[in-house]
Amino acid sequence: MRIAIANPTTWPYVRRGAERFINELAAYLAARGHEVTVVSGKPGRTEVIPGNGYTTVCHRRWWHPALAKAGLLEFHMFFFPCLAHLLRERFDAVVCLTFMDAFAALVSRRFTGAPCIFVVNGIPPRKPYFRSLTLKGAVFGRAIRGADAIVGISEFVRGYLEQRWGRACERLPIPLDADQFTPRRPAPGARETILCAAALVDRRKGGRPLMAAFNLLKRRRPQVLLQIAYALPESLRDELLALVEEPWRKDVLFTPADSGLPDLFAAATISVLPSLWEPFGMVVLESMAAGTPVAATRDGALPELVSDPSVGCLFDPGPERDAQLTNIEGMARAMEDCLDLAARPETARRCREHALRYSWREIGPRYERLIQSLVDSRSDAPAEVEPV
């Protein structure tokens, strides 16, 4: 099959879960013998990048930061180069990760007949906390109703889609590249370390509540360290550090994620993800794959991943305030319980076994079968797309 995978951004220009997923999916499908093109965008001139068995075409983006003041985000403008590429090339199927490239795939389907698979890896927050142009869900809804198949990456996402749009969809988790992660025993005498690999630039990820919970935990376990594995702006780093009581600030470490997450997860005692509205939570699975248990919010899709008390501890978020959780004591207690869990000899093995259920070996064939089934069953007559 000739398969296009469309997303407004990709590695190495943007490093997030969606970007990693499209490249891993492209590599997996290419290894299975399919011809795969990642259709994406970036600043500067258009660039064609071969590698790992597939081709990435990064179109020059049609966007400027000044447009954000009007609520126009980068992925909104990606519709135009994406549509042009899909019309120019004749793919057997198109896999999309945002509603704008999904809508472009629906428009192009009128001329090419290529089915559209919309992998919904995020949903609108329960409470808006950033400015974005809205058409009251018209384009999103059209993409959901018109796609040939909808994939919800968690029960949390699938439930939202089915409740709001009345469209049945398939739950297919984002697969884990488990081979990158190896559990290992902590070095003798090593201090207990809590690792947070969340993108704390997004306040719903809980950076500020995490600092408050660390203050409480330090009073009970003064030797524990907190390591933030994400490249934060210096101003945000300073803001977060200022929330930690002065005697313990030296015990908060900031490490760029590109320094090697597999090693960081394996070296940590536990990890923590204090997010709200999380549609999935790949860092939870990565932590478990390295044998490291997780303390996480009982919200969004996180309870689906931390579904066994032998691999992690959940805590209630409390009332939401400014897109952040408020149950600081609950988070501190969950981290302490998780530290005790990590000391059990069987925990690393159980975490690893739990994570392997989400590996590419287990989940990858389901993505391939879904795409193949749509290609095999598509009609010669192209489907119509209703106007927005």
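Quick caveat, the model's predicted, so the values are computed rather than measured.
- In this structure, a donor-acceptor pair under 3.5 Å is present between the side chains of Ser287 and Ser271.
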Evaluate the criterion side chain to side chain contact (heavy atoms under 4.5 Å, CB included) for residue pair Ile144 and Val120; output intermediate values, then yes/no. CA-CA 9 Å; Ile144 293 294; Val120 182; 3.9 Å; yes
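- Considering every non-hydrogen atom in both Thr297 and Leu302, the closest pair reads O-CB, 3.3 Å.
- Comment: Arg221 engages Asp340 in a salt bridge, judged by a side-chain N to carboxylate O separation of less than 4.0 angstrom.
- The residues Glu162 and Arg167 are annotated as not salt-bridged, no charged nitrogen and carboxylate oxygen being separated by less than 4.0 angstrom.
- In plain terms, the two heavy atoms of Ala105 and Cys96 that are nearest each other are CB-SG, 3.7 Å.
- A salt bridge links Asp251 with Arg191; the closest basic N to acidic carboxylate O contact falls under 4.0 Å.
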Audit row: Val95, Leu25, side chain to side chain contact (heavy atoms under 4.5 Å, CB included) steps and yes/no: CA-CA 10 Å; Val95 180; Leu25 177 61; 4.3 Å; yes
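- Considering all non-hydrogen atoms of both residues, Met282 and Arg20 come closest at CG-NH2, 3.7 Å.
- Partners of Gln372 by side chain to side chain donor-acceptor pair (under 3.5 Å), not counting sequence neighbours, listed by chain and number: Asp376.
- Electrostatic pairing of Arg171 and Glu304 counts as a salt bridge here, judged by a charged N lying under 4.0 Å from a carboxylate O.
- The two residues Gly53 and Ala30 come nearest to each other via the heavy atoms O-CB, 3.4 Å.
- For Arg361, the CZ atom sits in a loose shell: 12 or fewer heavy atoms of surrounding residues, nucleotides or ligands are nearer than 6.0 Å.
- Residues Thr255 and Tyr230 form no side-chain contact, since every pair of their non-hydrogen atoms from C-beta on lies 4.5 Å or further apart.
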Verify salt bridge (charged side-chain N to carboxylate O under 4.0 Å, His left out) between Glu170 and Arg158, making sure each step is shown before the conclusion. CA-CA 7 Å; Glu170 182 167 354; Arg158 183 168 76 170; over 6 Å; no
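- The closest side-chain donor-acceptor pair between Glu19 and Thr9 falls under 3.5 angstrom.
- Checked by atom type, the side-chain pair Gln227/Thr193 shows no donor-acceptor distance below 3.5 Å.
- Arg45 CZ: 12 or fewer foreign heavy atoms inside a 6.0 Å radius.
- Here Phe79 and Phe103 bring their ring centres to under 6.0 angstrom of each other.
- For the pair Thr292/Leu195, no side-chain contact is recorded, criterion being any heavy-atom separation below 4.5 Å from C-beta on.
- Applying the salt bridge (charged side-chain N to carboxylate O under 4.0 Å, His left out) test to pairs two or more places apart or on separate chains, those with a residue in residues 225-242 are Arg208-Glu239.
- Residue Arg366 qualifies as enclosed at atom CZ: its count of foreign heavy atoms under 6.0 Å is above 12.
- With contacts defined as side-chain heavy-atom distances shorter than 4.5 Å, the pair Leu241/Val252 qualifies.
- Contact check for Gln223 versus Glu192: no side-chain heavy atoms found under the 4.5 Å cut-off.
- By the 6.0 Å contact criterion, CD on Gln163 is open, its count of non-hydrogen atoms from other residues, nucleotides or ligands being 12 or less.
- In this view, Phe80 and Trp62 satisfy the ring pair (Phe, Tyr, Trp, His ring centres under 6.0 Å) rule, not counting sequence neighbours.
- One finds no salt bridge joining Arg249 and Glu246 here, because no Lys/Arg side-chain nitrogen approaches an Asp/Glu carboxylate oxygen to under 4.0 Å.
- Considering every non-hydrogen atom in both Ile363 and Pro173, the closest pair reads CG2-O, 3.4 Å.
- In this structure, the side chains of Phe91 and Ile5 stay at 4.5 Å or more apart for every pair of heavy atoms.
- In this structure, CG in Leu374 is found 9.5 Å from CE in Met1, a value given to the nearest 0.5 Å.
- Taking the side chain as every heavy atom from C-beta outward, Leu29 and Ile371 approach each other to under 4.5 Å.
- In this structure Tyr358 satisfies the ring pair (Phe, Tyr, Trp, His ring centres under 6.0 Å) test with no other residue, sequence neighbours excluded.
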Check the pair Val201, Leu232 against side chain to side chain contact (heavy atoms under 4.5 Å, CB included), reporting the backbone distance first and the verdict last. CA-CA 7 Å; Val201 290; Leu232 299 177; 3.9 Å; yes
For Glu368 and His34, run side chain to side chain donor-acceptor pair (under 3.5 Å): C-alpha distance rounded to whole Å, both residues' side-chain angles, the deciding distance at 0.1 Å, then the answer. CA-CA 10 Å; Glu368 184 182 20; His34 306 291; 2.8 Å; yes
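- Within a 6.0 Å sphere centred on CZ of Arg60, other residues, nucleotides and ligands contribute 12 heavy atoms or fewer.
- The side-chain contact (heavy atoms from CB on, under 4.5 Å) with Val284 is formed by just one residue from the set Leu176, Val311, Leu273, Val272; it is Leu273.
- The stretch residues 348-359 participates, sequence neighbours left out, in these salt bridge (charged side-chain N to carboxylate O under 4.0 Å, His left out) pairs: Arg349-Glu353.
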Under the salt bridge (charged side-chain N to carboxylate O under 4.0 Å, His left out) criterion, do Glu278 and Arg204 qualify, and how do the steps go? CA-CA 9 Å; Glu278 196 67 47; Arg204 73 173 177 85; 3.4 Å; yes
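- In this structure Ala267 satisfies the side chain to side chain contact (heavy atoms under 4.5 Å, CB included) test together with Arg184, sequence neighbours excluded.
- Relative orientation of the Phe21 and Tyr367 rings is tilted, given thresholds of 30° and 60° on the angle between their planes.
- When only modelled atom types and interatomic distance are considered, Asp299 and Ser275 share no side-chain donor-acceptor pair under 3.5 Å.
- A salt bridge does not link Arg2 with Asp92: every distance from a Lys NZ or Arg NE/NH1/NH2 to an Asp or Glu carboxylate oxygen is 4.0 Å or more.
- The number of heavy-atom neighbours closer than 6.0 Å to CZ of Arg185, taken from other residues, nucleotides and ligands shown, is 12 or below.
- Thr10 has its side chain within reach of Cys58: a pair of non-hydrogen atoms, C-beta onward, lies under 4.5 Å apart.
- Using a 4.5 Å heavy-atom threshold, the side chains of Val224 and Phe214 count as touching.
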Report the C-alpha distance between Glu245 and Arg219 in whole Å, list the side-chain angles of each, state the deciding distance to 0.1 Å, and finish with yes or no for side chain to side chain contact (heavy atoms under 4.5 Å, CB included). CA-CA 11 Å; Glu245 295 178 18; Arg219 295 168 190 164; 2.3 Å; yes
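- Classification of the Trp165-Phe140 ring pair by plane angle, with boundaries at 30° and 60°, yields parallel.
- Contact detail for Ala229 and Leu264: the closest heavy-atom pair is CB-CD1, 3.8 Å.
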